[in-house]
Asker: 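This is the structure I have questions about; it appears just below.
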Amino acid sequence: MAEPCAGLLSSGSERRCRARLAAAAGRRGAAAAAAAVLVPLCSVRGRPALLFTLRSRRLGGPHSGDVSFPGGRRDPADGDVVATALRETREELGLELGTPSVWGQLRLLPDRQGQMVAPIVANLGALEDVTLTPNPDEVEEIFTLPLAHLLREENQGYTHFRTAGRYGYTLPIFLNGPHKVWGLTAIITELTLELLAPDRYRRKTHMLARSPAGRPLNGSSA
């Protein structure tokens, strides 16, 4: 049986995505970001996938144990957000990735503290040809989810939030993998699916312009 998402990482798809990201960057103009994450596309035994990390519990704080993408705060020595994402990937995964692997930047998104994060889309290629040496102080686990899995509706959920007693916004959740993908990582995953498969995935969520500060409605996760 043919892989239903085989073409999503093809050279034609890459050209289309690069053009779309470049056009969006031109409309967006220069904007400051406090941090950047790498959105690592890859293939696993020929199946297009996304690579995720589980943040080490050694880190402590609110993000420890969360599903995430490699990334972190910008360093003064970083030339731009791409440099930040590549440096953080090297520090967290031991992976030296060059700029030719980078397709472009998704739109800036606020984290829990309201600081803007730049998601940088890149293709690692076949994961079997890549050597990853995760830093145990930062990364507890590495796992992948096939794009076909993420695109199936039975693996997609959402949570409604309310502010001041009324509906405020809806955020995505991706289910039925090794770990639930939620929060900022799920929002970036959703934007990535929309980029790669616009004919198969349309964003169902509604986000505030600023970092969410509401609370979930009872029974509204799916």
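It should be emphasised that the depicted structure is a prediction, and the values quoted were computed from it without experimental measurement.
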Asker: Taking atom OG1 of Thr99 and atom CG of Leu86, what is their separation to the nearest 0.5 Å?
Answerer: 7.5 Å

Asker: Does any donor atom in the side chain of Ser68 or Thr185 lie under 3.5 Å from an acceptor atom in the other side chain?
Answerer: no

Asker: Is the closest side-chain heavy-atom distance between Val37 and Pro119 below 4.5 Å?
Answerer: yes

Asker: Indicate the atoms forming the closest heavy-atom contact of Arg20 with Pro198, along with that distance.
Answerer: NH1-CB, 4.1 Å

Asker: Is there a side-chain contact between Glu91 and Asn135 (heavy atoms, below 4.5 Å)?
Answerer: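 Of all side-chain heavy-atom pairs linking Asn135 with Glu91, none is under 4.5 Å.
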
Asker: How long is the span from the CD atom in Glu14 to the CG atom in Leu196, to the nearest 0.5 Å?
Answerer: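 It comes to 11.0 Å.
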
Asker: Can you name the nearest heavy-atom pair linking Ala36 to Ala85, along with the distance?
Answerer: CB-N, 4.0 Å

Asker: Could you measure the distance from the CG atom of Asp78 to the CZ atom of Arg87? Nearest 0.5 Å is fine.
Answerer: 4.0 Å

Asker: Indicate the atoms forming the closest heavy-atom contact of Ser43 with Ala126, along with that distance.
Answerer: OG-CA, 3.3 Å

Asker: Just verifying a value: how many Å separate Leu171 CG and Phe161 CZ, rounded to the nearest 0.5 Å?
Answerer: 5.0 Å

Asker: When you compare the side chain of Pro40 with that of Pro70, does any pair of heavy atoms fall below 4.5 Å?
Answerer: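 Counting from C-beta outward, Pro70 and Pro40 do come under 4.5 Å.
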
Asker: Output, in order, the C-alpha distance, side-chain angles, deciding distance and verdict of side-chain contact (heavy atoms from CB on, under 4.5 Å) for Thr144 and Cys42.
Answerer: CA-CA 9 Å; Thr144 61; Cys42 63; 4.2 Å; yes

Asker: For Asn176 and Glu154, indicate whether the former's side chain and the latter's backbone hold a donor-acceptor pair under 3.5 Å.
Answerer: yes

Asker: Trp182 versus Asp66: any side-chain heavy-atom pair under 4.5 Å?
Answerer: yes

Asker: Would you call Leu50 and Leu147 a side-chain contact if the rule is heavy atoms closer than 4.5 Å?
Answerer: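 Yes, their side chains come closer than 4.5 Å.
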
Asker: Would you check, one step at a time, whether the test side-chain contact (heavy atoms from CB on, under 4.5 Å) holds for Leu8 with Leu41?
Answerer: CA-CA 10 Å; Leu8 295 185; Leu41 302 170; over 6 Å; no

Asker: Working to the nearest 0.5 angstrom, can you tell me the gap between Arg55 CZ and Glu138 CD?
Answerer: 7.0 Å

Asker: What pair of heavy atoms forms the shortest contact from Ala32 to Leu108, and how long is it?
Answerer: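 Looks like O-CD1, 3.7 Å.
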
Asker: Test Val121 against every option in Leu38, Val102, Leu106, Ile188 by the side chain to side chain contact (heavy atoms under 4.5 Å, CB included) rule and name the one that passes.
Answerer: Leu106

Asker: Could you tell me whether the side chain of Leu175 reaches within less than 4.5 Å of the side chain of Lys180, counting heavy atoms only?
Answerer: yes

Asker: Show, in sequence, the C-alpha distance, side-chain angles and deciding distance for Thr89 and Ile120, and conclude whether the side-chain contact (heavy atoms from CB on, under 4.5 Å) test is met.
Answerer: CA-CA 11 Å; Thr89 300; Ile120 306 299; over 6 Å; no

Asker: Before giving the answer on side-chain contact (heavy atoms from CB on, under 4.5 Å), spell out for Thr192 and Leu150 the whole-Å C-alpha distance, their side-chain angles and the decisive distance to 0.1 Å.
Answerer: CA-CA 11 Å; Thr192 303; Leu150 293 165; over 6 Å; no

Asker: Does some side-chain heavy atom of Leu132 sit less than 4.5 Å from a side-chain heavy atom of Leu95?
Answerer: yes

Asker: Report yes or no: does Arg45 contribute a side-chain atom to a donor-acceptor pair with the main-chain N or O of Leu127 at less than 3.5 Å?
Answerer: no

Asker: To the nearest 0.5 Å, tell me how far Arg74 CZ sits from Met116 CE.
Answerer: 13.5 Å

Asker: In the structure I gave you, are the side-chain heavy atoms of Phe69 and Thr189 within less than 4.5 Å of one another anywhere?
Answerer: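 Yes, side chains in contact.
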
Asker: Donor-acceptor check, side chain of Gln156 to backbone of Pro172, threshold 3.5 angstrom: yes or no?
Answerer: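 No, the answer is negative, given that no donor and acceptor are paired below the 3.5 Å cut-off.
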
Asker: Counting only N and O atoms by type, is there a donor-acceptor contact under 3.5 Å from the side chain of Ser101 to the main-chain atoms of Leu124?
Answerer: no

Asker: For the residue pair Tyr201 and Phe174, categorise the inter-ring angle as parallel (less than 30°), tilted (30 to 60°) or perpendicular (more than 60°).
Answerer: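 The arrangement is tilted - the two ring planes meet at 30° to 60°.
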
Asker: Show the nearest heavy-atom pair for residues Gly72 and Thr84, with the distance to one decimal.
Answerer: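 Heavy-atom minimum between the residues: O-CG2, 3.6 Å.
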
Asker: Between Ala35 and Arg73, what is the shortest heavy-atom contact and its length?
Answerer: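 Heavy atoms only, the tightest pair is CB-CA, 3.8 Å.
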
